[in-house]
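What you see is a predicted model, and the numbers here were worked out from it, not measured in a lab.
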Amino acid sequence: MTRAWSCAALLTALAATALTGCSDNEERPSGGHGTTPAAPHATTTGARWKPRPGLTWQWQLDGRVDPSADVPVYDIDGFENSAADVARLHRAGRKVICYINVGAWEEFRPDREAFPRSVLGRPNGWKGERWLDIRRLDVLRPIMERRFDMCRDKGFDAVEPDLVEGYGNDTGFPLTARDQLRYNRMIAAIAHERGLSVGLKNDLPQIPQLVDHFDFAVNEECAQYDECGELSPFVEAGKAVFHVEYTEPRSSFCAESRRLRLSSMVKEPALGVWRSPC
């Protein structure tokens, strides 16, 4: 589900910079996966997918994936989609990102009972969700490892871990920026150990410390909050920035988005099938 408010919560920590825009160049990834999902015990070999700036994408978290968008990258819910769904996208030449919430407990997930009450914090504004105490690596690491195992075993190419900026929110725990850096680096390591690429979701203030640990970025509403320039370290490192706006018209940000080489589009907050790319 969408996290549009996370950028706003961290706005005061950022310097306003120039915006950028989307890419019209729709590139197919080389070396499609064919009909066979990724090996269930894949490990990091240096061959993991490394999305480059300018790739167009589809972000659909509402229900089972609709494969109708003619784009090379799909970002879909890891629980709600099957290995067969991922394989179908691979047969069409797409790379597929696995959305997983790593910062909040969700009462509607099948592994909800794996989280002890001691790590559940305040509600985060979304129905049935509560912030996690990310300081408890001993508790959360094995849970996240099992979730990333699921992504790997379904054949996903990458992971989008959501809510990795709890330290900037009212979680019910005294989280610090240092706690967040340690947790986010752990999340990146878990993905890489499984041969999966991993994206940094929002968390703009910590990009300088995390860009080397993540393979791409996912951002919500950097144009609305004049934050898009903060994502430049990813592009400069040859790493894609998958960006979405919800209320800004394309005319207000697409030119700048193209200049910054972001992969930008407008989506409805529910993150259904509809998309309007730059």
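- If you take NZ on K267 and OG on S276, they are separated by 10.5 Å, rounding to the nearest 0.5 Å.
- Using a 3.5 Å distance cut-off with no hydrogens or angles, the side chains of D75 and Y99 do not pair a donor with an acceptor.
- The main-chain N or O of L181 is never found under 3.5 Å from a side-chain atom of N184 such that the two would form a donor-acceptor pair.
- Checking side-chain atoms of S263 against main-chain N and O of T56 turns up no donor-acceptor pair under 3.5 Å.
- Side-chain contact between V65 and Q58: absent, with no pair of heavy atoms (C-beta onward) separated by less than 4.5 Å.
- Taken to the nearest 0.5 Å, the CD1 atom of I187 stands 11.5 Å off from the NE2 atom of H192.
- The cluster map of Ile, Leu, Val, Met, Phe, Trp and Tyr, joined by side-chain heavy atoms under 4.5 Å apart, puts V235 and I207 in the same cluster.
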>> Run V159 and R147 through side chain to side chain contact (heavy atoms under 4.5 Å, CB included) and show every step you take.
In response: CA-CA 10 Å; V159 179; R147 287 184 165 194; over 6 Å; no

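- A distance-only check finds no donor-acceptor pair linking the side chain of W131 to the backbone of G166 [under 3.5 Å].
- Taking all atoms of both residues into account, the shortest heavy-atom contact from Y74 to S68 is OH-N, 3.5 Å.
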>> Checking D149 against R146 for the salt bridge (charged side-chain N to carboxylate O under 4.0 Å, His left out) test, could you report, in this order, the C-alpha distance in whole Å, the side-chain angles of both residues, the deciding distance, and whether it holds?
In response: CA-CA 5 Å; D149 285 345; R146 290 191 292 271; over 6 Å; no

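- Atom CZ in F242 sits 12.5 Å away from atom CG in L231 (nearest 0.5 Å).
- No hydrogens or angles considered: a donor-acceptor pair under 3.5 Å links the side chains of E160 and W59.
- Scored by the side-chain hydrogen bond (donor to acceptor under 3.5 Å, both in side chains) test, R88 finds no partners at all (sequence neighbours excluded).
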>> Does R48 form a salt bridge (charged side-chain N to carboxylate O under 4.0 Å, His left out) with E193? I'd like the steps, not just the answer.
In response: CA-CA 10 Å; R48 68 177 179 268; E193 287 164 5; over 6 Å; no

>> side chain to side chain contact (heavy atoms under 4.5 Å, CB included), that's the test. Do L137 and Y183 meet it? Break it down for me.
In response: CA-CA 7 Å; L137 303 188; Y183 187 71; 3.6 Å; yes

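- With K154 contributing its side chain and N81 its backbone, the two residues share a donor-acceptor pair below 3.5 Å.
- In the model, T171 has no side-chain atom that pairs as donor or acceptor with a side-chain atom of N169 under 3.5 Å.
- Using a 3.5 Å distance cut-off with no hydrogens or angles, the side chains of Y246 and E220 do pair a donor with an acceptor.
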>> The test is salt bridge (charged side-chain N to carboxylate O under 4.0 Å, His left out); show your working for D77 and R109 and say whether it passes.
In response: CA-CA 11 Å; D77 190 278; R109 297 303 189 185; 2.8 Å; yes

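- Between the Q224 side chain and the T247 main chain, no donor and acceptor come within less than 3.5 Å of each other.
- A donor-acceptor pair under 3.5 Å is formed between the side chain of R94 and the backbone N or O of V71.
- Rounding to the nearest 0.5 angstrom, the gap separating the CD1 atom in I97 from the CH2 atom in W49 is 4.5 Å.
- Between D179 and T176, the closest side-chain pair of non-hydrogen atoms falls below 4.5 Å.
- For the pair G78 and C98, the tightest heavy-atom approach, listed with the atom from each and the gap, is CA-SG, 3.4 Å.
- Between L55 and P72, the shortest heavy-atom contact is CD2-CG, 4.0 Å.
- Taking the six-membered ring wherever Trp is involved, the centroid distance between the rings of F216 and F234 does not fall below 6.0 Å.
- Listed by first and then second residue, the salt bridge (Lys or Arg N to Asp or Glu O under 4.0 Å) pairs involving residues 241-253 amount to none (not counting sequence neighbours).
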>> Let's go through D215 and K239 carefully: what are the C-alpha distance in whole Å and the side-chain angles of both, what is the deciding distance for salt bridge (charged side-chain N to carboxylate O under 4.0 Å, His left out) to 0.1 Å, and is it a yes or a no?
In response: CA-CA 6 Å; D215 304 292; K239 301 176 180 182; 5.5 Å; no

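- For the pair I134 and F173, the minimum side-chain heavy-atom distance is 4.5 Å or more.
- The shortest distance between side-chain heavy atoms of C228 and L262 falls below 4.5 Å.
- Remark: side-chain polar atoms of E129 are not paired, donor with acceptor, to backbone N or O of E107 under 3.5 angstrom.
- The main-chain N or O of D62 is found under 3.5 Å from a side-chain atom of Q60 such that the two form a donor-acceptor pair.
- A heavy-atom distance below 4.5 Å is not found between the side chains of V266 and R275.
- Looking at heavy atoms from C-beta onward, F115 lies out of side-chain contact with V139 at the 4.5 angstrom threshold.
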>> Run N202 and V218 through side chain to side chain contact (heavy atoms under 4.5 Å, CB included) and show every step you take.
In response: CA-CA 6 Å; N202 298 322; V218 178; over 6 Å; no

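- With N219 contributing its side chain and C222 its backbone, the two residues share a donor-acceptor pair below 3.5 Å.
- One hydrophobic cluster, built from ILVMFWY side chains closer than 4.5 Å, holds both W105 and I143.
- Counting all heavy atoms, side chain and backbone alike, F214 lies closest to L200 at CD2-N, 3.4 Å.
- Annotation for P208 and P205: closest pair CD-O, 3.6 Å, computed over non-hydrogen atoms.
- Considering only heavy atoms from C-beta on, V102 stays 4.5 Å or farther from L163 through its side chain.
- V241 and V211 fall within a single hydrophobic cluster, where Ile, Leu, Val, Met, Phe, Trp and Tyr side chains are chained together by heavy-atom contacts under 4.5 Å.
- Here the straight-line distance linking atom NE2 of H243 with atom CH2 of W57 works out to 9.0 Å at 0.5 Å rounding.
- If you check the side chains of Q180 and D203, you find no donor sitting under 3.5 Å from an acceptor.
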> Taking it one step at a time, do V244 and E221 satisfy side chain to side chain contact (heavy atoms under 4.5 Å, CB included)?
Replying inline: CA-CA 6 Å; V244 68; E221 299 190 300; over 6 Å; no

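- Salt bridge D133/R136: absent, no basic N to carboxylate O contact under 4.0 Å.
- Other residues, nucleotides and ligands place no more than 12 heavy atoms under 6.0 Å from the CZ atom of R64.
- Using a 4.5 Å cut-off on side-chain heavy atoms (C-beta onward), R135 and P174 make contact.
- Between the CZ atom of R130 and the CG atom of L120 there is a distance of 4.5 Å, given to the nearest 0.5 Å.
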